[in-house]
Number of protein chains: 2
Amino acid sequence: MIPNKLLALGGEEIGARQTTQRSLILEYLRAQKTHPTAKQVYVGVQERLPGVSLSTVYRTLGWLRDEGEALELNGIDGLAHYDGDISDHGHFTCVRCQKIWDVELDLPQLDHRDFEGKTGFKVREQRLDLYGNCDSCGNKEDE
Amino acid sequence: MIPNKLLALGGEEIGARQTTQRSLILEYLRAQKTHPTAKQVYVGVQERLPGVSLSTVYRTLGWLRDEGEALELNGIDGLAHYDGDISDHGHFTCVRCQKIWDVELDLPQLDHRDFEGKTGFKVREQRLDLYGNCDSCGNKEDE
DNA sequence: AACTTATTAGGAATCATTCCCAAATGCAAA
DNA sequence: TTTGCATTTGGGAATGATTCCTAATAAGTT
């Protein structure tokens, strides 16, 4: 009933069990074009699994993030948003309605060796975020 | 006692009053190299103004953000961090200790006209964020 | 089928942030 | 410099996202 592939999260998993909740949450997340909050995932998954709990949604989303199967985005609404697309892309946030869209971008792979050399820090990921007004929000400024 | 310049926030202010709290909060924020949370600003300002309230700190930081005098960063700790440096720069977040540093970078001014044309969105700001491990956190992975 | 252990449901606890309002203060005009 | 009034503050309550806790349940193995 539950496709095994959905939880083929690398072979190094030890003791990770395949549950209906995990399968449906990941399936739901991957089907979204927007980037839902935990609450929104909860509501969406409830349609197929009415008894699911909010705790499980939070726990599972955190687990997917730790497994590298989902991105956790820090929205300007102060909430965590989740993105099931882990390919390299950027995000656009509308500062008015606060929705988040994907942005295909050709961000040049910046050379961080200079920064790393000066600081001793190690850069592992880079994210580009755009902010502005979306189509529906009428390109109005709020200043 | 309180330098006027600190609150010279553009001439278009109407009815904005210069208070000890506002002056000290902005002064404190600008003196920080790290990017403190509201609570940290509260603690820092308390040293000079013991009676200041947390409400006022939150209210004032939001006001500075709205006035364009401070940046509000969405930390991976889920908390809002504030940056009194409004010049164009990026940020590096250590995924282990969660501190945030400034990064001087020459992010090319990307051409968003293609994205804007396709979507009808209007890009007003772009931010580049780097994530990794800082010097003190020993360049260890946590996987 | 029985056993072992990871996982879940559900509610309580935590904690950042916002809201509310009476008291205090900045500032302008007299 | 005082007075008057609108803005701002302090502090505590309210809100809401996220985490924590634990007994019950379900996955996977023998």
Side-chain angles (χ1 to χ4, degrees), chain A residues 1-4 6-9 11-26 28 35-43 45-46 48-67 70 72-82 98 100, chain B residues 1-4 6-9 11-26 28 35-43 45-46 48-67 70 72-82 98 100:
Chain A
M1 180 204 299
I2 300 153
N4 277 3
L6 277 178
L7 280 177
L9 301 173
E12 291 134 275
E13 284 301 317
I14 303 174
R17 294 179 181 176
Q18 175 174 313
T19 65
T20 306
Q21 290 86 344
R22 287 180 174 174
S23 299
L24 290 180
I25 288 169
L26 182 54
Y28 177 84
H35 302 307
T37 62
K39 178 85 77 72
Q40 290 167 336
V41 172
Y42 171 60
V43 171
V45 171
Q46 261 186 332
R48 290 229 263 154
L49 188 65
V52 73
S53 80
L54 186 54
S55 292
T56 296
V57 172
Y58 271 104
R59 199 189 312 112
T60 303
L61 289 171
W63 178 68
L64 290 171
R65 178 240 297 133
D66 292 341
E67 293 296 324
E72 188 175 81
L73 310 177
N74 315 117
I76 61 172
D77 52 9
L79 308 185
H81 291 248
Y82 294 87
Q98 310 198 326
I100 305 174
Chain B
M1 178 205 298
I2 299 153
N4 276 4
L6 277 177
L7 280 177
L9 301 173
E12 291 133 274
E13 285 300 318
I14 302 174
R17 292 180 180 175
Q18 175 174 314
T19 65
T20 306
Q21 289 86 344
R22 287 181 174 175
S23 299
L24 290 180
I25 288 169
L26 182 54
Y28 177 84
H35 302 307
T37 62
K39 178 83 78 69
Q40 291 167 334
V41 172
Y42 171 61
V43 171
V45 170
Q46 262 186 331
R48 290 228 264 153
L49 188 65
V52 73
S53 80
L54 187 54
S55 291
T56 296
V57 172
Y58 271 103
R59 201 188 308 116
T60 303
L61 289 172
W63 177 69
L64 290 170
R65 180 240 297 133
D66 293 341
E67 293 294 323
E72 188 176 81
L73 310 176
N74 315 115
I76 62 173
D77 53 9
L79 308 185
H81 291 248
Y82 294 88
Q98 310 197 326
I100 305 174

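Numbered from 1 within each chain, the chains take letters A, B, ... in sequence-line order.
When only modelled atom types and interatomic distance are considered, S23(B) and T20(B) share no side-chain donor-acceptor pair under 3.5 Å.
The distance from atom CH2 of W63(A) to atom P of dA6(C) is 14 Å, rounded to the nearest whole Å. If you measure from atom CG of L49(B) to atom P of dT25(C), you get 11 Å, rounded to the nearest angstrom. Between D66(A) atom CG and dT18(D) atom P the separation is 15 Å, expressed in whole Å. Rounded to whole Å, the distance from CG on L61(A) to P on dT19(D) is 10 Å. At whole-Å resolution of the value, CG in L26(B) and P in dT8(D) are 15 Å apart. Atom-to-atom, CG of L24(B) to P of dG26(C) comes out at 12 Å; the value is rounded to the nearest Å. Regarding Y42(B), its OH atom lies at a distance of 14 Å from the P atom of dT9(D), rounded to whole Å. Distance, L64(A) CG to dT7(C) C1': 14 Å, rounded to whole Å.
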(request) Could you run through nucleotides 12-24 of chain C and give me one letter per nucleotide, 5' to 3': B if any protein heavy atom sits under 4.0 Å from the base, S if only the sugar-phosphate is that close, - if neither? (result) ----SBBB-----
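Considering only residues two or more places apart in sequence or on other chains, S55(A) meets the side-chain hydrogen bond (donor to acceptor under 3.5 Å, both in side chains) condition with none of them. Applying the side-chain hydrogen bond (donor to acceptor under 3.5 Å, both in side chains) criterion to D77(B), with sequence neighbours excluded, gives H81(B). Y42(A) meets the side-chain hydrogen bond (donor to acceptor under 3.5 Å, both in side chains) test with Q46(A); sequence neighbours excluded. The ring-ring contact (aromatic ring centres under 6.0 Å, His included) test applied to H35(A) returns H91(A), not counting sequence neighbours. By the side chain to side chain contact (heavy atoms under 4.5 Å, CB included) test, R65(B) pairs with E72(B), sequence neighbours left out. Shown here are the side chain to side chain contact (heavy atoms under 4.5 Å, CB included) partners of Q40(A), two or more places apart in sequence or in another chain: P36(A), T37(A).
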(request) Output, in order, the C-alpha distance, side-chain angles, deciding distance and verdict of side-chain contact (heavy atoms from CB on, under 4.5 Å) for Y28(A) and R48(A). (result) CA-CA 10 Å; Y28(A) 177 84; R48(A) 290 229 263 154; over 6 Å; no
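Heavy-atom minimum distance, I25(B) versus T56(B): CD1-O, 4.2 Å.
Regarding contacts with the backbone of dG10(D), a side-chain N or O of Q21(B) is found under 4.0 angstrom from either OP1 or OP2. Note on T56(B): a side-chain N or O is less than 4.0 Å away from OP1 or OP2 of dG10(D).
Among the protein residues, G51(B) comes within range of the sugar-phosphate backbone only, with heavy atoms under 4.0 Å from sugar or phosphate atoms but none that close to a base.
Taking five base pairs at each end of the helix from dA1(C)-dT30(D) to dA30(C)-dT1(D) and finding the rotation axis that steps the C1' atoms of four pairs onto the next four gives two axes whose angle is 40°, to the nearest 10°.
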